[in-house]
Amino acid sequence: MKFTRADFPAKFVFGAATSAYQIEGHSFGRAGSTHWDTFATGPGNVVRAENGAIACDHYHRWEDDLDLLKAAGFDSYRFSTSWARILPDGVGTPNEAGLDFYDRLVDGCLERGLRPALTLYHWELPSALADQGGWVNADIPNWFAEFAQVVAKRLGDRVWSIGTINEPWCVSILSHLMGHHAPGLRDLRAAARATHHVLKSHGRAVAALRAMGQDNLGISCNFEPAQPATDTPENIAAAARANAIYSDLFVTPLFHGHYPKLAMEGLGPHLPDGWENDFDEIRTPIDWLGVQYYTRAIVADAPDVPWPSVAPVEGPLPKTQMDWEIYPDGLYDLLTWLAREHSGALPLYVTENGMANDDEVLNRAVNDHVRADYIDAHLAAARRAIADGAPLAGYFAWSLLDNYEWAFGYEKRFGLVHVDFETLQRTPKASYHALAAALTAET
Ligand code: IFM
């Protein structure tokens, strides 16, 4: 790595991130069924129909995993709480074993000097709520606020921050319009409703947490800024629609109290009754915005496909195992754009950034210098953004461990630490050692 801590502001937070269903092992500890458990049983939904039943067995190996974070010199651990582990029926009686697990995890972070950065929802919706329509059901803001309160009552005295929802775009559009994630719908009406209910749930939970005295509250949005494949008016307009339905879709309501105009062309007719009156709740003040950036999109006009009528075009840059272009300048553009157009002086945290690579263990080592370079280049872009005024306060690498990459099963490896999914053996990769050297170096 070319950076040292001295290159960043004094209080800059370095962390690594994971999520519950992707690492814990959902068959352990009396967790309730989630919509991912059942989505994975659908033909063609997930590579090899894999699920999170065992995952990385973090449920039992969490102490070793926290030791890895501490040894690397991270300041913070971003993890999520599984709704279905804590409330197996989605509402009602909590699973004490689930709360106890997170209790141990939070104490374990603090014992190791790691700030616990908790995300409430990272996609494992309890099946009992999915049965009632899940994010499409107008009651979900109340269900989610109840879940947030249960979590805060038990852990709120010790966590450093609470994020409400991870990647609202994935929860709504990827899952209800594009069909790639649970519940696998391809339905514009469902997507519009899910979008609105995700935003309302976020606002309602923030207000409920604030009323309990919690602070340092935020939300982590993902962005994939779209560029036109060529500069024809049609492709430029297609890129504008792509941005309206993705990168702009949540920050515009969160910071300006309305939907992007171009997104309304498609979503508008399907929004739930009374949606216009919900923006005060959606804009409930937050303390930080989480920014999740992996790549850009290049798009062309596609009049023959349904709204938003855009088609992806392959870009020229080197790609990761996900086939995502490596484009660090995009992070600079994104952070400066957010501060300029949306969030102003509000602290920004990169709550996810990283790459998948086809890593192998050879002689007990993993040579993933390509990942170290990826992280280094994105941290350089982050530094430039800070120098140009973006109020970036921290960076979390995705991910600590190779894990369950949703519809890709265990095939795509994002970890700083390799996991052998047969033996569950952890092997820190070259990127882990490079980050550790940078973070623990005397400055
Ligand atoms: O693994 C996911 C994570 O769950 C959410 N953000 C993107 C990551 C890589 O696809």
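Remember, it's 1-based here, ligands and their atoms both numbered in the order they're listed. Counting begins at 1 with the first residue of the sequence.
- Ring geometry for Trp406 versus Trp36: interplanar angle of 30 to 60°, hence tilted.
- Atom CD of Glu341 has more than 12 neighbouring heavy atoms from other residues, nucleotides or ligands inside a 6.0 Å radius.
- Evaluation of the salt bridge (charged side-chain N to carboxylate O under 4.0 Å, His left out) test over residues 34-49, restricted to residues two or more places apart or in two chains, returns Arg48-Glu50, Arg48-Glu411.
- A salt bridge links Asp57 and Arg61; the closest N-O separation between the charged side-chain nitrogens and carboxylate oxygens is under 4.0 Å.
- For ligand 1, the protein residues placed under 4.0 Å by at least one non-hydrogen atom are Gln22, His122, Trp123, Asn166, Glu167, Tyr294, Trp324, Glu352, Trp398, Glu405, Trp406, Phe414.
- Within the structure, every pair that satisfies the ring-ring contact (aromatic ring centres under 6.0 Å, His included) test and touches residues 312-340, not counting sequence neighbours, is listed here: Tyr294-Trp324, Trp337-His342.
- Every residue two or more places apart in sequence or in another chain was checked for a salt bridge (charged side-chain N to carboxylate O under 4.0 Å, His left out) with Arg115, and none qualifies.
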